Amino acid sequence: NAGVMQNPRHLVRRRGQEARLRCSPMKGHSHVYWYRQLPEEGLKFMVYLQKENIIDESGMPKERFSAEFPKEGPSILRIQQVVRGDSAAYFCASSPPQTGQETQYFGPGTRLLVL
Amino acid sequence: QQQVKQSPQSLIVQKGGISIINCAYENTAFDYFPWYQQFPGKGPALLIAIRPDVSEKKEGRFTISFNKSAKQFSLHIMDSQPGDSATYFCAASTTGGFKTIFGAGTRLFVKA
C-alpha cells in the first residue's frame, strides 16, 4: 500500500520558467491538499481539492499559481513565471473520503529552487 | 483568529528527559488537534491527535495534554531518545472544515 507520492523530489527552475509539481494520493483517497513550507517555517495551507473540484483555494496566491485534480491521474500544482520567492518545499497530503480532512497523510515533498 | 502559536522554537533535551512543546489557539471552533513529526528531507507524519472532549491522550511515550478553557494543548515526550530528534508541528482543524492550521514548529534535539 504505497503512500502519497510526489514528483519530482527536487526541481530547479530559472526565473520566469514554469514549475509543475505532481502528487499521487494514497489508494482510495479522494481528498488532496497542497501546503508550502518555507525554510525554518511551518506549513502553510494552499489549496484543497477533490476529484475534478477545487474546494478551497484561499491559501493560493492569486496570480501564477493553479492546481487541479483530474478524474484520472495525479494532482498538479502549477507555478507559472516562477520567482525566487517561490523557492520552498511543497507538500501534498491526502485523506480518505470517510474521515474528511482530519487525518492527512503527507508525501515526501518537492523542493523547488528558483535560480 | 486562525493562528496556532507554538513554543519553544527549538528545544534541547538530554536523553531520558522529558520534552514539552506547547501550543495555543484562538478559534473555539477548532475541535481536532493533531501533532506531526517531521524528519529532515521527509514529509510530516501524524504522531498523535486529540479532541477537546478529553483532557489527555497517551500513546507510548507521547502524551497530549489539553486545556479547553485556556485554549492550550501540549505534547510531552517521556524518556526522550536521540531518535526523537525532529521538528514537531502542532495543528488545529474543525470537523468538516477544509483547513488544518499548523504551528510554526519546534526543532527538538535530544542529546545522547
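Nothing here was measured: the structure is a model prediction, and the numbers come from that model. Letters A, B, ... are given to chains in the order of the sequence lines, protein chains preceding strands, and every chain is numbered from 1.
- No path of Ile, Leu, Val, Met, Phe, Trp and Tyr side chains, each step under 4.5 Å between heavy atoms, connects B:F102 with A:W34, placing them in separate hydrophobic clusters.
- Hydrophobic cluster membership is shared by B:Y88 and B:F66, with clusters built from Ile, Leu, Val, Met, Phe, Trp and Tyr side chains linked at under 4.5 angstrom.
- In terms of heavy-atom proximity, B:Q38 sits nearest to A:F91 at NE2-CZ, 3.3 Å.
- Linking ILVMFWY residues whenever their side-chain heavy atoms come closer than 4.5 Å, directly or via other members, leaves A:Y90 and A:V4 in distinct clusters.
- Note that the NZ atom of A:K44 and the CD1 atom of B:I101 stand 8.5 Å from one another [nearest 0.5 Å].
- For A:F106 and B:Y36, the ring centers are positioned less than 6.0 Å apart.
- Neither the backbone nor the side chain of A:Q6 comes within less than 4.5 Å of any heavy atom in chain B.
- B:L75 is connected to B:L11 through a chain of hydrophobic side-chain contacts under 4.5 Å among Ile, Leu, Val, Met, Phe, Trp and Tyr, so both are in one cluster.
- When the shell of 6.0 Å around CD of B:E56 is examined, it contains more than 12 heavy atoms from other residues, nucleotides or ligands.
- Scanning all heavy atoms of the two residues, the minimum distance from B:F89 to A:L43 falls at CE2-N, 4.4 Å.
- B:K5 NZ: 12 or fewer foreign heavy atoms inside a 6.0 Å radius.
- Applying the 6.0 Å contact sphere to CZ of A:R78 captures more than 12 heavy atoms from other residues, nucleotides or ligands.
- Ranked by heavy-atom pairs under 4.5 Å with chain A, the first of B:G105, B:A49, B:G103, B:G43 is B:G43.
- Annotation for A:R111: atom CZ counts as buried by contact number, over 12 foreign heavy atoms lying within 6.0 Å.
- In the hydrophobic cluster analysis, where Ile, Leu, Val, Met, Phe, Trp and Tyr join through side-chain heavy atoms closer than 4.5 angstrom, B:W35 is grouped together with B:F33.
- When every heavy atom of A:F45 is checked against every heavy atom of B:T100, the shortest pair comes out as CB-O, 4.5 Å.
- Below 4.5 Å, heavy atoms of chain B meet no heavy atom from residues 60-69 of chain A.
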